Protein chains: 2
Amino acid sequence: MSFMSLRHEGNDMATRGLEVGRALRDLIATGAYAPGSRLNENELAIALKVSRTPVRSALSTLAAEGLLVYRPNSGYSVRPFSSRDIEEIYAVRAELDGMAARLAAFKGLSDQQRGAHHRLLQESGELIAQDRWDDDVCQRWRQVNSAFHAVIHEAANNAYLVQAIHQTDEIPFFALIRFKWYDKEMLRRSHEEHVEISDAILNRQPSRAESLESEHVYRSGRRLVANWRRIEEQIRRGKCFESAVLSDAA
Amino acid sequence: MSFMSLRHEGNDMATRGLEVGRALRDLIATGAYAPGSRLNENELAIALKVSRTPVRSALSTLAAEGLLVYRPNSGYSVRPFSSRDIEEIYAVRAELDGMAARLAAFKGLSDQQRGAHHRLLQESGELIAQDRWDDDVCQRWRQVNSAFHAVIHEAANNAYLVQAIHQTDEIPFFALIRFKWYDKEMLRRSHEEHVEISDAILNRQPSRAESLESEHVYRSGRRLVANWRRIEEQIRRGKCFESAVLSDAA
DNA sequence: GTTGGCCTTATTGTATCCATTTTTCCACAT
DNA sequence: ATGTGGAAAAATGGATACAATAAGGCCAAC
(Lines give C-alpha, C1' and ligand atoms only; values in the text may rest on other atoms or scores of the structure.)
Protein backbone atom coordinates (compact mmCIF):
# COMPACT_ATOMS: atom_id res chain seq x y z
CA MET A 1 0.00 0.00 0.00
CA SER A 2 1.36 3.33 -1.06
CA PHE A 3 0.12 5.31 1.92
CA MET A 4 2.11 3.12 4.25
CA SER A 5 5.33 3.93 2.53
CA LEU A 6 4.62 7.64 2.82
CA ARG A 7 4.49 7.50 6.56
CA HIS A 8 7.93 5.95 6.77
CA GLU A 9 9.41 8.01 4.03
CA GLY A 10 10.95 11.10 5.53
CA ASN A 11 10.97 11.04 9.28
CA ASP A 12 10.08 9.22 12.43
CA MET A 13 8.41 12.06 14.27
CA ALA A 14 5.91 11.11 16.91
CA THR A 15 3.12 13.47 15.98
CA ARG A 16 2.78 15.16 12.65
CA GLY A 17 -0.07 17.34 13.74
CA LEU A 18 2.09 20.18 15.02
CA GLU A 19 4.32 19.87 12.03
CA VAL A 20 1.30 20.19 9.77
CA GLY A 21 0.16 23.26 11.69
CA ARG A 22 3.47 25.00 11.13
CA ALA A 23 3.52 24.05 7.48
CA LEU A 24 0.02 25.41 7.00
CA ARG A 25 0.85 28.62 8.79
CA ASP A 26 3.85 29.08 6.52
CA LEU A 27 1.80 28.37 3.43
CA ILE A 28 -0.68 31.04 4.42
CA ALA A 29 1.85 33.56 5.68
CA THR A 30 3.98 33.38 2.55
CA GLY A 31 0.92 34.02 0.48
CA ALA A 32 0.38 30.68 -1.21
CA TYR A 33 -3.27 31.25 -0.46
CA ALA A 34 -4.75 34.68 -0.90
CA PRO A 35 -7.03 36.17 1.75
CA GLY A 36 -10.55 34.89 1.37
CA SER A 37 -9.62 31.80 -0.59
CA ARG A 38 -10.98 28.50 0.52
CA LEU A 39 -8.72 25.73 1.76
CA ASN A 40 -9.45 22.30 0.41
CA GLU A 41 -8.72 19.69 3.04
CA ASN A 42 -8.00 16.97 0.53
CA GLU A 43 -5.65 19.14 -1.44
CA LEU A 44 -3.71 20.12 1.68
CA ALA A 45 -3.59 16.52 2.87
CA ILE A 46 -2.09 15.40 -0.42
CA ALA A 47 0.33 18.32 -0.55
CA LEU A 48 1.56 17.63 2.97
CA LYS A 49 1.48 13.87 2.50
CA VAL A 50 -0.75 13.12 5.44
CA SER A 51 -4.40 12.18 5.78
CA ARG A 52 -7.15 14.71 6.28
CA THR A 53 -7.28 14.09 10.02
CA PRO A 54 -4.16 16.02 11.09
CA VAL A 55 -4.95 18.68 8.49
CA ARG A 56 -8.36 19.24 9.99
CA SER A 57 -6.87 19.41 13.44
CA ALA A 58 -4.41 22.05 12.33
CA LEU A 59 -7.11 24.00 10.53
CA SER A 60 -9.30 24.17 13.59
CA THR A 61 -6.35 25.42 15.61
CA LEU A 62 -5.50 28.13 13.10
CA ALA A 63 -9.14 29.14 13.01
CA ALA A 64 -9.19 29.51 16.78
CA GLU A 65 -6.11 31.72 16.47
CA GLY A 66 -7.99 33.92 14.04
CA LEU A 67 -5.89 33.25 10.97
CA LEU A 68 -8.70 31.35 9.27
CA VAL A 69 -12.45 31.67 9.35
CA TYR A 70 -14.71 28.68 9.62
CA ARG A 71 -18.17 28.24 8.18
CA PRO A 72 -20.07 25.09 9.11
CA ASN A 73 -20.36 22.72 6.17
CA SER A 74 -18.23 25.04 4.09
CA GLY A 75 -14.86 24.52 5.67
CA TYR A 76 -12.06 26.95 6.26
CA SER A 77 -10.86 29.95 4.32
CA VAL A 78 -8.05 32.42 4.79
CA ARG A 79 -9.30 35.35 6.80
CA PRO A 80 -9.73 38.40 4.65
CA PHE A 81 -8.73 41.69 6.18
CA SER A 82 -9.14 45.28 5.21
CA SER A 83 -7.28 48.46 6.02
CA ARG A 84 -9.89 48.92 8.73
CA ASP A 85 -8.69 45.68 10.33
CA ILE A 86 -5.12 46.87 10.18
CA GLU A 87 -6.11 50.17 11.73
CA GLU A 88 -7.89 48.50 14.61
CA ILE A 89 -5.06 46.05 15.14
CA TYR A 90 -2.46 48.77 15.32
CA ALA A 91 -4.56 50.76 17.74
CA VAL A 92 -4.50 47.77 20.06
CA ARG A 93 -0.84 47.09 19.36
CA ALA A 94 0.10 50.66 20.19
CA GLU A 95 -1.51 50.17 23.58
CA LEU A 96 -0.03 46.74 24.25
CA ASP A 97 3.47 47.53 23.04
CA GLY A 98 3.36 50.75 24.98
CA MET A 99 2.49 48.79 28.08
CA ALA A 100 5.31 46.35 27.39
CA ALA A 101 7.82 49.18 27.07
CA ARG A 102 6.54 50.74 30.27
CA LEU A 103 6.88 47.48 32.18
CA ALA A 104 10.29 46.80 30.67
CA ALA A 105 11.50 50.22 31.75
CA PHE A 106 9.97 49.74 35.18
CA LYS A 107 11.36 46.26 35.81
CA GLY A 108 14.64 46.76 34.01
CA LEU A 109 16.40 44.48 31.55
CA SER A 110 18.46 41.44 32.48
CA ASP A 111 22.11 41.44 31.41
CA GLN A 112 21.30 39.04 28.63
CA GLN A 113 18.41 41.15 27.42
CA ARG A 114 20.55 44.28 27.53
CA GLY A 115 23.19 42.49 25.45
CA ALA A 116 20.65 41.41 22.82
CA HIS A 117 19.21 44.91 22.86
CA HIS A 118 22.53 46.56 22.05
CA ARG A 119 23.45 43.99 19.45
CA LEU A 120 20.15 44.43 17.64
CA LEU A 121 20.31 48.21 17.70
CA GLN A 122 23.80 48.11 16.26
CA GLU A 123 22.85 45.66 13.54
CA SER A 124 19.84 47.77 12.70
CA GLY A 125 22.11 50.81 12.39
CA GLU A 126 24.46 48.95 10.09
CA LEU A 127 21.59 47.81 7.91
CA ILE A 128 20.31 51.30 7.25
CA ALA A 129 23.85 52.69 6.88
CA GLN A 130 24.70 50.57 3.89
CA ASP A 131 23.48 51.39 0.43
CA ARG A 132 22.47 47.95 -0.69
CA TRP A 133 18.73 47.57 -0.59
CA ASP A 134 17.71 44.16 -1.87
CA ASP A 135 15.38 41.46 -0.64
CA ASP A 136 17.94 39.96 1.70
CA VAL A 137 18.60 43.21 3.48
CA CYS A 138 14.91 43.85 3.69
CA GLN A 139 14.15 40.49 5.20
CA ARG A 140 17.05 40.85 7.59
CA TRP A 141 15.67 44.18 8.72
CA ARG A 142 12.32 42.60 9.38
CA GLN A 143 13.97 39.98 11.54
CA VAL A 144 15.98 42.53 13.48
CA ASN A 145 12.92 44.68 13.98
CA SER A 146 10.91 41.75 15.29
CA ALA A 147 13.71 40.71 17.60
CA PHE A 148 14.08 44.22 18.96
CA HIS A 149 10.45 44.38 19.94
CA ALA A 150 10.51 40.79 21.19
CA VAL A 151 13.19 41.71 23.73
CA ILE A 152 10.92 44.42 25.10
CA HIS A 153 7.97 42.05 25.23
CA GLU A 154 10.05 39.50 27.08
CA ALA A 155 11.38 42.07 29.52
CA ALA A 156 7.83 43.09 30.39
CA ASN A 157 7.60 39.62 31.93
CA ASN A 158 3.89 39.11 31.46
CA ALA A 159 2.89 35.97 29.59
CA TYR A 160 -0.61 37.18 28.81
CA LEU A 161 0.62 40.45 27.45
CA VAL A 162 2.91 38.52 25.12
CA GLN A 163 0.05 36.26 24.12
CA ALA A 164 -2.20 39.18 23.29
CA ILE A 165 0.56 40.78 21.26
CA HIS A 166 1.21 37.61 19.31
CA GLN A 167 -2.49 37.29 18.61
CA THR A 168 -2.53 40.69 16.97
CA ASP A 169 0.73 40.03 15.20
CA GLU A 170 -0.45 37.46 12.71
CA ILE A 171 -2.39 39.69 10.36
CA PRO A 172 0.05 42.61 10.17
CA PHE A 173 2.83 40.16 9.44
CA PHE A 174 0.61 38.63 6.87
CA ALA A 175 0.18 42.01 5.21
CA LEU A 176 3.81 43.05 5.55
CA ILE A 177 5.17 39.88 4.01
CA ARG A 178 3.64 40.90 0.73
CA PHE A 179 5.68 44.06 0.45
CA LYS A 180 9.05 43.28 -1.01
CA TRP A 181 10.71 46.39 0.31
CA TYR A 182 10.35 49.38 2.53
CA ASP A 183 11.55 52.81 1.56
CA LYS A 184 14.77 53.84 3.13
CA GLU A 185 13.51 57.01 4.77
CA MET A 186 10.85 55.06 6.61
CA LEU A 187 13.41 52.66 8.01
CA ARG A 188 15.79 55.40 9.02
CA ARG A 189 13.09 57.06 11.08
CA SER A 190 12.08 53.73 12.51
CA HIS A 191 15.65 53.12 13.60
CA GLU A 192 15.87 56.52 15.23
CA GLU A 193 12.69 55.81 17.13
CA HIS A 194 14.18 52.53 18.30
CA VAL A 195 17.20 54.38 19.63
CA GLU A 196 15.01 56.72 21.60
CA ILE A 197 12.89 53.91 22.98
CA SER A 198 16.00 52.04 23.96
CA ASP A 199 17.30 55.08 25.77
CA ALA A 200 14.08 55.45 27.74
CA ILE A 201 14.02 51.81 28.75
CA LEU A 202 17.68 51.57 29.72
CA ASN A 203 17.37 54.76 31.77
CA ARG A 204 14.31 53.38 33.53
CA GLN A 205 11.80 55.99 32.39
CA PRO A 206 8.55 54.00 32.19
CA SER A 207 6.13 56.65 31.05
CA ARG A 208 8.52 58.08 28.46
CA ALA A 209 9.20 54.57 27.15
CA GLU A 210 5.49 53.90 26.96
CA SER A 211 4.61 56.98 24.98
CA LEU A 212 7.58 56.63 22.63
CA GLU A 213 6.84 52.98 21.90
CA SER A 214 3.16 53.65 21.52
CA GLU A 215 3.83 56.45 19.06
CA HIS A 216 6.30 54.27 17.20
CA VAL A 217 3.81 51.47 16.70
CA TYR A 218 1.08 53.91 15.81
CA ARG A 219 3.24 55.46 13.09
CA SER A 220 4.17 52.06 11.67
CA GLY A 221 0.49 51.28 11.55
CA ARG A 222 -0.30 54.47 9.69
CA ARG A 223 2.28 53.64 7.06
CA LEU A 224 1.01 50.10 6.60
CA VAL A 225 -2.61 51.25 6.45
CA ALA A 226 -1.74 53.83 3.79
CA ASN A 227 -0.02 51.21 1.65
CA TRP A 228 -2.81 48.74 2.11
CA ARG A 229 -5.38 51.35 1.09
CA ARG A 230 -3.55 51.78 -2.19
CA ILE A 231 -3.78 48.05 -2.76
CA GLU A 232 -7.48 48.01 -1.94
CA GLU A 233 -7.98 50.85 -4.40
CA GLN A 234 -6.34 48.83 -7.15
CA ILE A 235 -8.49 45.83 -6.33
CA ARG A 236 -11.57 48.02 -6.50
CA ARG A 237 -10.46 49.02 -9.97
CA GLY A 238 -10.66 45.40 -11.02
CA LYS A 239 -7.25 43.95 -10.39
CA CYS A 240 -7.12 40.61 -8.65
CA PHE A 241 -5.62 40.50 -5.20
CA GLU A 242 -2.27 39.06 -6.16
CA SER A 243 -1.55 41.34 -9.05
CA ALA A 244 -2.54 44.38 -7.01
CA VAL A 245 -0.09 43.44 -4.27
CA LEU A 246 2.68 42.55 -6.66
CA SER A 247 2.43 45.74 -8.67
CA ASP A 248 2.66 47.79 -5.52
CA ALA A 249 5.51 45.85 -4.07
CA ALA A 250 7.77 45.23 -7.01
CA MET B 1 -26.71 -0.53 15.28
CA SER B 2 -26.83 1.42 18.48
CA PHE B 3 -24.64 4.33 17.39
CA MET B 4 -27.05 5.10 14.61
CA SER B 5 -29.90 5.55 17.03
CA LEU B 6 -27.83 8.01 19.04
CA ARG B 7 -27.31 10.28 16.09
CA HIS B 8 -31.03 10.58 15.47
CA GLU B 9 -32.03 10.67 19.08
CA GLY B 10 -32.19 14.30 20.13
CA ASN B 11 -31.72 16.71 17.29
CA ASP B 12 -31.13 17.28 13.64
CA MET B 13 -28.36 19.85 13.88
CA ALA B 14 -26.04 20.06 10.95
CA THR B 15 -22.74 20.08 12.77
CA ARG B 16 -22.28 18.88 16.29
CA GLY B 17 -18.72 20.09 16.53
CA LEU B 18 -19.60 23.59 17.66
CA GLU B 19 -22.18 22.19 20.02
CA VAL B 20 -19.55 19.92 21.51
CA GLY B 21 -17.18 22.85 21.89
CA ARG B 22 -19.73 24.81 23.87
CA ALA B 23 -20.59 21.81 26.02
CA LEU B 24 -16.92 21.24 26.78
CA ARG B 25 -16.37 24.87 27.62
CA ASP B 26 -19.30 24.76 30.02
CA LEU B 27 -18.04 21.57 31.60
CA ILE B 28 -14.68 23.17 32.25
CA ALA B 29 -16.00 26.57 33.25
CA THR B 30 -18.45 25.17 35.78
CA GLY B 31 -15.66 23.21 37.34
CA ALA B 32 -16.53 19.64 36.37
CA TYR B 33 -12.82 19.26 35.68
CA ALA B 34 -10.35 20.81 38.05
CA PRO B 35 -7.37 22.79 36.74
CA GLY B 36 -4.57 20.47 35.75
CA SER B 37 -6.74 17.42 35.33
CA ARG B 38 -6.43 15.43 32.16
CA LEU B 39 -9.32 15.09 29.74
CA ASN B 40 -9.96 11.63 28.41
CA GLU B 41 -11.20 11.81 24.85
CA ASN B 42 -13.12 8.57 25.05
CA GLU B 43 -14.83 9.56 28.26
CA LEU B 44 -15.89 12.90 26.82
CA ALA B 45 -17.07 11.28 23.60
CA ILE B 46 -19.27 8.87 25.53
CA ALA B 47 -20.56 11.56 27.86
CA LEU B 48 -21.48 13.82 24.96
CA LYS B 49 -22.74 10.90 22.85
CA VAL B 50 -20.54 11.61 19.86
CA SER B 51 -17.42 10.00 18.48
CA ARG B 52 -13.92 11.13 19.34
CA THR B 53 -13.59 13.14 16.13
CA PRO B 54 -15.69 16.18 17.08
CA VAL B 55 -14.37 15.97 20.62
CA ARG B 56 -10.81 16.23 19.37
CA SER B 57 -11.73 19.10 17.14
CA ALA B 58 -13.26 20.98 20.05
CA LEU B 59 -10.29 20.20 22.29
CA SER B 60 -7.82 21.59 19.81
CA THR B 61 -9.88 24.75 19.52
CA LEU B 62 -10.07 25.22 23.27
CA ALA B 63 -6.34 24.61 23.49
CA ALA B 64 -5.70 27.33 20.91
CA GLU B 65 -7.84 29.66 23.00
CA GLY B 66 -5.66 28.92 25.99
CA LEU B 67 -8.24 27.16 28.12
CA LEU B 68 -6.48 23.81 27.76
CA VAL B 69 -2.88 22.81 27.39
CA TYR B 70 -1.76 20.16 24.96
CA ARG B 71 1.15 17.77 25.28
CA PRO B 72 1.94 15.55 22.28
CA ASN B 73 1.02 11.96 22.94
CA SER B 74 -0.39 12.93 26.29
CA GLY B 75 -3.51 14.72 25.24
CA TYR B 76 -5.23 17.72 26.71
CA SER B 77 -5.57 18.91 30.27
CA VAL B 78 -7.29 21.85 31.88
CA ARG B 79 -4.89 24.73 32.11
CA PRO B 80 -3.74 25.25 35.66
CA PHE B 81 -3.38 28.83 36.77
CA SER B 82 -1.89 30.50 39.78
CA SER B 83 -2.43 33.84 41.47
CA ARG B 84 0.52 34.99 39.37
CA ASP B 85 -1.49 34.24 36.23
CA ILE B 86 -4.44 36.19 37.58
CA GLU B 87 -2.17 39.10 38.42
CA GLU B 88 -0.72 39.20 34.92
CA ILE B 89 -4.12 38.85 33.32
CA TYR B 90 -5.57 41.72 35.28
CA ALA B 91 -2.59 43.90 34.49
CA VAL B 92 -3.39 43.39 30.81
CA ARG B 93 -7.11 43.76 31.38
CA ALA B 94 -6.62 47.04 33.20
CA GLU B 95 -4.86 48.34 30.12
CA LEU B 96 -7.33 46.97 27.59
CA ASP B 97 -10.47 47.93 29.49
CA GLY B 98 -9.00 51.35 30.09
CA MET B 99 -8.44 51.70 26.37
CA ALA B 100 -12.01 50.58 25.70
CA ALA B 101 -13.39 53.18 28.11
CA ARG B 102 -11.21 55.86 26.53
CA LEU B 103 -12.43 54.99 23.04
CA ALA B 104 -16.04 54.74 24.20
CA ALA B 105 -15.82 58.20 25.77
CA PHE B 106 -14.11 59.53 22.67
CA LYS B 107 -16.52 58.06 20.13
CA GLY B 108 -19.64 58.37 22.26
CA LEU B 109 -22.40 55.85 22.85
CA SER B 110 -25.25 55.11 20.49
CA ASP B 111 -28.76 55.67 21.79
CA GLN B 112 -29.23 51.97 22.22
CA GLN B 113 -25.97 51.63 24.10
CA ARG B 114 -26.84 54.57 26.33
CA GLY B 115 -30.16 52.93 27.12
CA ALA B 116 -28.57 49.61 28.05
CA HIS B 117 -26.00 51.50 30.06
CA HIS B 118 -28.60 53.26 32.19
CA ARG B 119 -30.70 50.16 32.62
CA LEU B 120 -27.71 48.13 33.81
CA LEU B 121 -26.55 50.79 36.21
CA GLN B 122 -30.01 51.00 37.72
CA GLU B 123 -30.35 47.25 38.07
CA SER B 124 -26.92 47.09 39.65
CA GLY B 125 -27.99 49.74 42.14
CA GLU B 126 -31.13 47.82 43.00
CA LEU B 127 -29.18 44.63 43.52
CA ILE B 128 -26.84 46.13 46.09
CA ALA B 129 -29.67 48.04 47.74
CA GLN B 130 -31.58 44.97 48.76
CA ASP B 131 -30.59 42.89 51.73
CA ARG B 132 -31.00 39.44 50.20
CA TRP B 133 -27.67 37.96 49.37
CA ASP B 134 -28.08 34.46 47.99
CA ASP B 135 -26.74 32.60 44.99
CA ASP B 136 -29.33 33.99 42.63
CA VAL B 137 -28.57 37.59 43.46
CA CYS B 138 -24.90 36.89 43.22
CA GLN B 139 -25.17 35.31 39.80
CA ARG B 140 -27.43 38.12 38.64
CA TRP B 141 -24.83 40.64 39.74
CA ARG B 142 -22.18 38.81 37.76
CA GLN B 143 -24.34 39.02 34.67
CA VAL B 144 -25.07 42.71 35.15
CA ASN B 145 -21.41 43.43 35.74
CA SER B 146 -20.39 41.58 32.58
CA ALA B 147 -23.05 43.34 30.56
CA PHE B 148 -21.99 46.76 31.85
CA HIS B 149 -18.44 46.22 30.72
CA ALA B 150 -19.59 44.60 27.49
CA VAL B 151 -21.42 47.80 26.53
CA ILE B 152 -18.18 49.74 26.94
CA HIS B 153 -16.27 47.19 24.90
CA GLU B 154 -18.82 47.37 22.16
CA ALA B 155 -18.85 51.15 22.16
CA ALA B 156 -15.09 51.17 21.68
CA ASN B 157 -15.87 49.74 18.26
CA ASN B 158 -12.67 47.79 17.78
CA ALA B 159 -13.08 44.08 17.03
CA TYR B 160 -9.51 43.21 17.92
CA LEU B 161 -9.70 44.97 21.23
CA VAL B 162 -12.81 42.97 22.04
CA GLN B 163 -11.09 39.79 20.94
CA ALA B 164 -8.08 40.44 23.16
CA ILE B 165 -10.36 41.18 26.09
CA HIS B 166 -12.31 37.99 25.59
CA GLN B 167 -9.11 36.03 25.40
CA THR B 168 -8.08 37.26 28.84
CA ASP B 169 -11.58 36.80 30.17
CA GLU B 170 -11.72 33.03 30.25
CA ILE B 171 -9.45 32.35 33.18
CA PRO B 172 -10.74 35.06 35.52
CA PHE B 173 -14.26 33.87 34.85
CA PHE B 174 -13.05 30.40 35.51
CA ALA B 175 -11.70 31.49 38.87
CA LEU B 176 -14.67 33.66 39.79
CA ILE B 177 -17.22 30.99 39.07
CA ARG B 178 -15.87 29.00 41.99
CA PHE B 179 -16.70 31.68 44.52
CA LYS B 180 -20.27 31.39 45.61
CA TRP B 181 -20.54 34.94 46.81
CA TYR B 182 -18.87 38.29 47.03
CA ASP B 183 -18.89 40.42 50.14
CA LYS B 184 -21.33 43.27 50.09
CA GLU B 185 -18.84 46.05 50.72
CA MET B 186 -16.82 45.00 47.71
CA LEU B 187 -19.84 45.15 45.47
CA ARG B 188 -20.98 48.47 46.79
CA ARG B 189 -17.62 50.00 45.95
CA SER B 190 -17.67 48.32 42.58
CA HIS B 191 -21.04 49.85 41.85
CA GLU B 192 -19.85 53.31 42.85
CA GLU B 193 -16.88 52.95 40.52
CA HIS B 194 -19.26 51.99 37.74
CA VAL B 195 -21.25 55.16 38.33
CA GLU B 196 -18.13 57.28 38.07
CA ILE B 197 -16.98 55.53 34.92
CA SER B 198 -20.38 55.96 33.40
CA ASP B 199 -20.27 59.65 34.18
CA ALA B 200 -16.90 60.06 32.50
CA ILE B 201 -17.99 58.21 29.38
CA LEU B 202 -21.33 59.96 28.99
CA ASN B 203 -19.66 63.35 29.48
CA ARG B 204 -17.09 62.48 26.84
CA GLN B 205 -13.99 62.64 29.03
CA PRO B 206 -11.70 60.01 27.46
CA SER B 207 -8.68 60.23 29.71
CA ARG B 208 -10.74 60.35 32.90
CA ALA B 209 -12.78 57.37 31.71
CA GLU B 210 -9.60 55.50 30.91
CA SER B 211 -7.96 56.00 34.28
CA LEU B 212 -11.14 55.26 36.21
CA GLU B 213 -11.83 52.07 34.31
CA SER B 214 -8.23 51.00 34.53
CA GLU B 215 -8.20 51.54 38.28
CA HIS B 216 -11.50 49.73 38.62
CA VAL B 217 -10.24 46.63 36.84
CA TYR B 218 -6.97 46.75 38.72
CA ARG B 219 -8.78 46.81 42.06
CA SER B 220 -11.03 43.92 41.06
CA GLY B 221 -7.91 42.00 40.15
CA ARG B 222 -6.29 42.69 43.50
CA ARG B 223 -9.33 41.33 45.29
CA LEU B 224 -9.47 38.19 43.19
CA VAL B 225 -5.74 37.61 43.58
CA ALA B 226 -5.99 37.95 47.33
CA ASN B 227 -8.80 35.41 47.49
CA TRP B 228 -7.00 33.04 45.19
CA ARG B 229 -3.84 33.27 47.27
CA ARG B 230 -5.82 32.05 50.28
CA ILE B 231 -6.98 29.08 48.26
CA GLU B 232 -3.45 28.31 47.14
CA GLU B 233 -2.31 28.46 50.74
CA GLN B 234 -4.90 25.88 51.72
CA ILE B 235 -3.85 23.62 48.87
CA ARG B 236 -0.26 23.94 50.00
CA ARG B 237 -1.38 22.75 53.42
CA GLY B 238 -2.60 19.55 51.88
CA LYS B 239 -6.16 20.15 50.86
CA CYS B 240 -7.19 19.06 47.43
CA PHE B 241 -8.18 21.72 44.94
CA GLU B 242 -11.92 21.29 45.18
CA SER B 243 -12.20 21.22 48.95
CA ALA B 244 -9.94 24.25 49.25
CA VAL B 245 -12.17 26.23 46.93
CA LEU B 246 -15.38 25.06 48.53
CA SER B 247 -14.31 25.81 52.07
CA ASP B 248 -13.39 29.32 51.06
CA ALA B 249 -16.52 29.93 49.14
CA ALA B 250 -19.22 28.42 51.31
C1' DG C 1 11.92 -4.34 51.39
C1' DT C 2 12.97 -1.73 47.66
C1' DT C 3 14.12 -0.90 43.03
C1' DG C 4 14.59 -1.71 38.20
C1' DG C 5 12.95 -3.58 34.03
C1' DC C 6 9.51 -5.73 31.24
C1' DC C 7 4.93 -6.56 29.76
C1' DT C 8 0.18 -5.47 29.65
C1' DT C 9 -3.19 -2.03 29.13
C1' DA C 10 -5.09 2.23 28.23
C1' DT C 11 -4.94 6.39 25.50
C1' DT C 12 -3.58 9.15 21.90
C1' DG C 13 -2.60 9.81 16.71
C1' DT C 14 -3.69 8.74 11.98
C1' DA C 15 -6.06 6.66 8.17
C1' DT C 16 -10.05 5.45 5.86
C1' DC C 17 -15.01 4.99 5.28
C1' DC C 18 -19.71 6.60 5.05
C1' DA C 19 -23.46 10.12 5.43
C1' DT C 20 -24.83 14.71 4.74
C1' DT C 21 -24.42 18.97 2.81
C1' DT C 22 -22.93 22.22 -0.49
C1' DT C 23 -21.66 23.47 -4.94
C1' DT C 24 -21.55 23.21 -9.71
C1' DC C 25 -23.24 22.58 -14.04
C1' DC C 26 -26.45 21.37 -17.47
C1' DA C 27 -30.98 20.95 -19.26
C1' DC C 28 -35.24 23.02 -19.77
C1' DA C 29 -38.68 26.37 -19.62
C1' DT C 30 -39.94 31.12 -19.80
C1' DA D 1 -30.70 34.60 -23.86
C1' DT D 2 -31.29 34.14 -19.19
C1' DG D 3 -32.95 32.35 -15.01
C1' DT D 4 -34.45 28.35 -12.47
C1' DG D 5 -34.71 23.44 -11.08
C1' DG D 6 -32.57 19.43 -10.40
C1' DA D 7 -29.15 15.99 -10.63
C1' DA D 8 -24.36 14.81 -10.40
C1' DA D 9 -19.98 15.70 -8.35
C1' DA D 10 -17.21 17.18 -4.77
C1' DA D 11 -16.22 18.57 -0.25
C1' DT D 12 -17.18 18.61 4.58
C1' DG D 13 -18.64 16.27 9.09
C1' DG D 14 -18.53 12.30 11.78
C1' DA D 15 -17.55 7.28 12.90
C1' DT D 16 -14.72 3.54 13.18
C1' DA D 17 -10.46 0.86 12.61
C1' DC D 18 -5.88 0.43 13.40
C1' DA D 19 -1.09 1.88 14.74
C1' DA D 20 2.02 3.94 17.96
C1' DT D 21 3.13 5.77 22.16
C1' DA D 22 2.82 6.44 27.05
C1' DA D 23 1.33 4.79 31.66
C1' DG D 24 0.90 1.56 35.14
C1' DG D 25 1.36 -2.74 37.32
C1' DC D 26 3.74 -6.95 38.17
C1' DC D 27 7.57 -9.83 38.85
C1' DA D 28 12.21 -10.65 39.70
C1' DA D 29 16.60 -9.57 41.36
C1' DC D 30 19.45 -7.33 44.57
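Below, chain A is the first sequence line, B the second, and so on; all start at residue 1. Quick caveat, the model's predicted, so the values are computed rather than measured.
Phosphate contact (OP1/OP2 of C:dA15, side-chain N/O of A:Ser51, threshold under 4.0 Å): present.
Among C:dA15, D:dG14, D:dG13, the nucleotide with an atom closest to any side-chain atom of A:Asn73 is D:dG13.
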Donor-acceptor pairs under 3.5 angstrom involving side-chain atoms of residues 150-157 of chain A: please list them, not counting sequence neighbours.
unit_1: A:His153; atom_1: ND1; unit_2: A:His149; atom_2: O; d: 3.4
unit_1: A:His153; atom_1: NE2; unit_2: A:Asp97; atom_2: OD2; d: 2.6
unit_1: A:Glu154; atom_1: OE2; unit_2: A:Gln113; atom_2: NE2; d: 3.2

Produce the list of close N/O pairs, under 3.5 Å, pairing protein atoms with atoms of nucleotides 9-11 of chain D; give distances to one decimal.
unit_1: D:dA11; atom_1: OP1; unit_2: A:Asn40; atom_2: ND2; d: 3.4
unit_1: D:dA11; atom_1: O5'; unit_2: A:Asn40; atom_2: ND2; d: 3.0

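The nearest whole Å value for the distance from the CD atom in B:Glu19 to the P atom in D:dG13 is 15 Å. In this structure, CZ of B:Arg52 is placed 7 Å from P of C:dT12, rounded to the nearest angstrom. One interatomic measurement links the two molecules: CZ of A:Arg71 to P of D:dT12, which rounds to 12 Å at whole-angstrom precision. Here the C1' atom of nucleotide C:dT12 and the CD atom of B:Glu43 are 14 Å apart, to the nearest Å.
Within a 6.0 Å radius of OH in B:Tyr218, no more than 12 heavy atoms belonging to other residues, nucleotides or ligands are found. The neighbour count for A:Gln139 CD, taken as heavy atoms of other residues, nucleotides or ligands under 6.0 Å away, does not exceed 12.
Backbone-only contact: A:Tyr70 has heavy atoms under 4.0 Å from sugar-phosphate atoms and none from a base.
One cannot find a donor-acceptor pair under 3.5 Å joining the base of D:dG14 and the side-chain atoms of B:Arg56.
Every residue was checked against the side chain to side chain donor-acceptor pair (under 3.5 Å) condition with A:Arg119, not counting sequence neighbours, and none meets it.
Of the charged side-chain nitrogens involved, at least one lies within less than 4.0 Å of a carboxylate oxygen, so that B:Arg25 and B:Glu65 count as a salt-bridged pair.
Screening B:Arg223, B:Arg229, B:Arg93 for a salt bridge (charged side-chain N to carboxylate O under 4.0 Å, His left out) with B:Glu87, the sole residue that qualifies is B:Arg229.
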